[in-house]
Amino acid sequence: MITKIKGTQDIMPEECVKWQEVEQIIRQVSRLYNFSEIRTPIFEATEIYHRGTGEGTDIVKKETYDFLDRGERQITLRPEGTPGIVRSIIENKLYTTSPLPLKLFYVGPMFRYERPQKGRQRQFHQFGAEAIGSADPMLDAEMIAYAATFLAALGLHSVLVKVNSIGDRDSQVAYAKALKDFLYPEKEHLCPDCQRRLDSNPMRVLDCKVDIDNPLLKNAPKPLDFLSEAAQAHFNSVLDYLKAMGVAHKVEPNLVRGLDYYTHTVFELEADIPGMGAQSTLCGGGRYDRLSETLDGPNLPSVGFAFGLERLLIARDKINIETQAAFIHAFLIVLGEKPKARAMAIARSLRHGGIVTDMDFQDRSLKGKFKQGERLNPYFYLIFGEDELNEESIMVKQVKTGTQEKVSLDQLYRYLVDCLRAETPCSGHCENCESDC
Ligand code: HAM
């Protein structure tokens with residue numbers, strides 16, 4: 001038997017309902033913050049990730065899916081969205097045609113060759129957002145607020161917002177030197193990877209998954225102690241704006257994030273939900289003021305974040321958030337051969353009027369047909385046999401009340417709409433709700 005590839009997942013229809021709800025909330029909250037959707041390719045030139053995400057990162061060193069296509073091009077399945085979005089903005093010169101900052105969000109699959117476990121896959125999905133073209137610390141706070149609003153809209157309230165600053169280029173150079181000086185004499189107490197990182201990219205040591213509890217790292221100098229005056233002022237403003245908006249947060253001095261493009265503010269949103277374990281980081285993000293120039297674009301200081309959708313779904317399951325069960329409005333049961341053609345026309349016209357309709361496509365007994373309908377959770381059964389065909393009528397059975405009534409075909413649509421309206425009363429938010437909403 002051919003099976004799915006390790007680290008991938010089939011998302012079955014009953015799970016898809018949960019995904020759709022999360023995706024709907026992504027769109028609602030993104031609209032509130034006035035972010036528009038962008039869709040970029042799931043593969044890009046390998047060089048984009050080497051230059052963007054960074055040669056020194058675990059992602060580029062160990063986790064990318066790389067291949068040569070038939071035209072001998074070096075291609076990579078995207079491990080994250082940010083470099084591809086920035087490439088697209090540069091290539092399409094979006095910064096010349098739209099006001100800055102550009103505010104874009106995206107949803108889609110990403111690929112990382114990691115060791116799979118619950119909440120960590122080789123194909124996973126991200127909801128990301130990028131605000132491109134402003135260095136204002138208001139925007140850092142705005143993005144953190146956007147991410148926090150999204151989690152609240154999902155019903156995830158037990159969340160820790162961790163923020164830190166790794167500063168501008170000057171701060172990072174000063175910090176890298178101090179960290180190297182501190183760790184070098186104790187080099188042998190670090191894992192082999194970190195010993196190498198110490199020479200190439202010392203800050204990555206703080207992000208090591210092996211040395212996570214190493215006391216040496218707990219006592220190491222922190223980026224916050226090496227911020228330039230400008231970087232400190234930027235971070236202070238971000239914290240002030242968060243406070244003003246009432247976004248609860250904690251400064252986490254060891255937070256550096258695992259991608260090379262960050263400058264100034266970095267942040268993570270962590271679920272405080274028992275059982276999430278190592279996969280409790282739902283969102284990671286930060287400011288990346290130099291990425292556009294690294295990819296040969298203009299100076300476009302930016303800030304963004306990304307959520308892992310699988311982890312959001314696990315978190316919602318853990319706290320038992322129920323998604324509304326899938327349902328249909330009407331299930332049509334056709335009895336006999338003759339009424340079939342008319343029944344199909346009825347189903348089609350109901351659908352045109354917005355009534356979600358399905359019918360049985362097998363020759364089953366009446367009992368079998370009801371059983372088939374039951375699985376689809378309908379509001380109504382519509383029973384249509386030869387008598388009804390001759391009388392221009394149809395039997396309507398309401399599942400909830402059990403009432404059964406013969407309705408003439410020309411009244412059917414109105415009848416169903418009236419019943420459904422009684423079932424879900426108008427919220428009173430539409431203009432004409434008293435007459436015909
Ligand atoms: P990241 O921290 O690498 O950041 O990933 C963001 C989120 O994606 C993680 O917090 C996690 O929820 C999810 N994630 C990452 N890897 C996996 C995996 N193997 N399986 C399941 N979920 C995973 C970025 O990707 C940056 N592009 C974020 C960003 C946007 N920074 C600025 N703009």
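Keep in mind it's a predicted model, so treat the numbers as computed, not measured. Just so you know, these numbers use all the heavy atoms, side chains as well, and skip hydrogens, waters and symmetry mates. We count ligands from 1, going down the list as the structure has it; atoms in each ligand are counted the same way.
With no hydrogens or angles considered, a side-chain donor-acceptor pair links Y184 and D199 at under 3.5 Å.
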**Prompt:** Should S237 and D240 be marked as a side-chain hydrogen bond (donor to acceptor under 3.5 Å, both in side chains) after you check the CA-CA gap, both sets of side-chain angles, and the distance that decides it?
**Reply:** CA-CA 5 Å; S237 299; D240 286 346; 5.4 Å; no
**Message:** Before you tell me yes or no, could you show the steps for V238 and N236 under side-chain contact (heavy atoms from CB on, under 4.5 Å), namely the whole-Å CA-CA distance, both residues' side-chain angles and the distance that decides it to 0.1 Å?
**Reply:** CA-CA 5 Å; V238 175; N236 290 347; over 6 Å; no
**Check against side-chain hydrogen bond (donor to acceptor under 3.5 Å, both in side chains), S228 and D170** = CA-CA 7 Å; S228 66; D170 287 349; 5.8 Å; no
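Residue, atom and distance of the protein heavy atom nearest to atom 13 (C) of ligand 1 are G308 CA, 3.6 Å. Here the protein heavy atom with the shortest distance to atom 21 (C) of ligand 1 is G119 O, 3.2 Å. Among protein heavy atoms, atom 10 (O) of ligand 1 sits closest to T281 O, 3.4 Å. The protein atom (non-hydrogen) at minimum distance from atom 11 (C) of ligand 1 is R311 NH1, 3.5 Å. When hydrogens are left out, the protein atom nearest atom 20 (N) of ligand 1 is Q121 N, 3.0 Å; that is the closest non-hydrogen contact. Ranking protein heavy atoms by distance to atom 33 (N) of ligand 1, first place goes to E130 OE1, 2.8 Å. Of the protein's non-hydrogen atoms, F124 CE1, 3.5 Å is the one closest to atom 14 (N) of ligand 1. Ranking protein heavy atoms by distance to atom 31 (N) of ligand 1, first place goes to Y262 OH, 2.7 Å.
Residue-ligand proximity, C283 to ligand 1, at heavy-atom distances under 4.0 Å covers atoms 10 (O). With ligand atoms numbered from 1 in the order given, ligand 1 contributes 31 (N) to contacts under 4.0 Å with heavy atoms of G285. Against a heavy-atom cut-off of under 4.0 Å, G284 is close to the following atoms of ligand 1: 10 (O), 28 (C), 29 (C).
Contacts between Q126 and ligand 1 below 4.0 angstrom, taking non-hydrogen atoms only, involve the side chain exclusively. Here E268 has no heavy atoms under 4.0 Å from ligand 1, in either its backbone or its side chain. Counting heavy atoms under 4.0 Å from ligand 1, residue R257 touches it through the side chain alone. Contacts with ligand 1 closer than 4.0 Å are made by side-chain heavy atoms of E114 only, the backbone lying farther away. Here F305 has backbone heavy atoms under 4.0 Å from ligand 1, and that is the only part of it that gets that close. The residue V303 has no part lying near ligand 1, judged by heavy-atom distances below 4.0 Å. Residue Y261 touches ligand 1 through its side chain alone, judged by heavy-atom distances below 4.0 Å.
With contacts defined as side-chain heavy-atom distances shorter than 4.5 Å, the pair I144/F305 does not qualify. Under the 4.5 Å side-chain criterion, counting only non-hydrogen atoms from C-beta, L77 is not in contact with Q123. By the 4.5 Å heavy-atom criterion applied to side chains, T82 and Q126 are not counted as neighbours.
Ring orientation note: the planes of Y379 and H329 are tilted relative to one another, at an angle of 30° to 60°.
In this structure, N164 contributes its side chain and L255 its backbone to a donor-acceptor pair below 3.5 Å.
In this structure, R120 is part of the shell of residues with a heavy atom less than 4.0 angstrom from ligand 1. Residue contact annotation: G128 has no non-hydrogen atom under 4.0 Å from ligand 1.
Each of F267, Y33, F105 was evaluated against Y146; a single residue qualifies, Y33, per the ring pair (Phe, Tyr, Trp, His ring centres under 6.0 Å) test. The one candidate from D207, L183, N254 that meets the side-chain contact (heavy atoms from CB on, under 4.5 Å) condition with L217 is L183. For the side-chain contact (heavy atoms from CB on, under 4.5 Å) criterion with Y381, the lone passing option out of L332, V396, I333 is I333. For the side-chain contact (heavy atoms from CB on, under 4.5 Å) with I273, the lone residue among D317, L156, V159 that qualifies is L156.
Residue Y106 places no N or O, backbone or side chain, under 3.5 Å from any N or O of ligand 1. Between Y288 and ligand 1, no N or O atom pair is found at a separation short of 3.5 Å.
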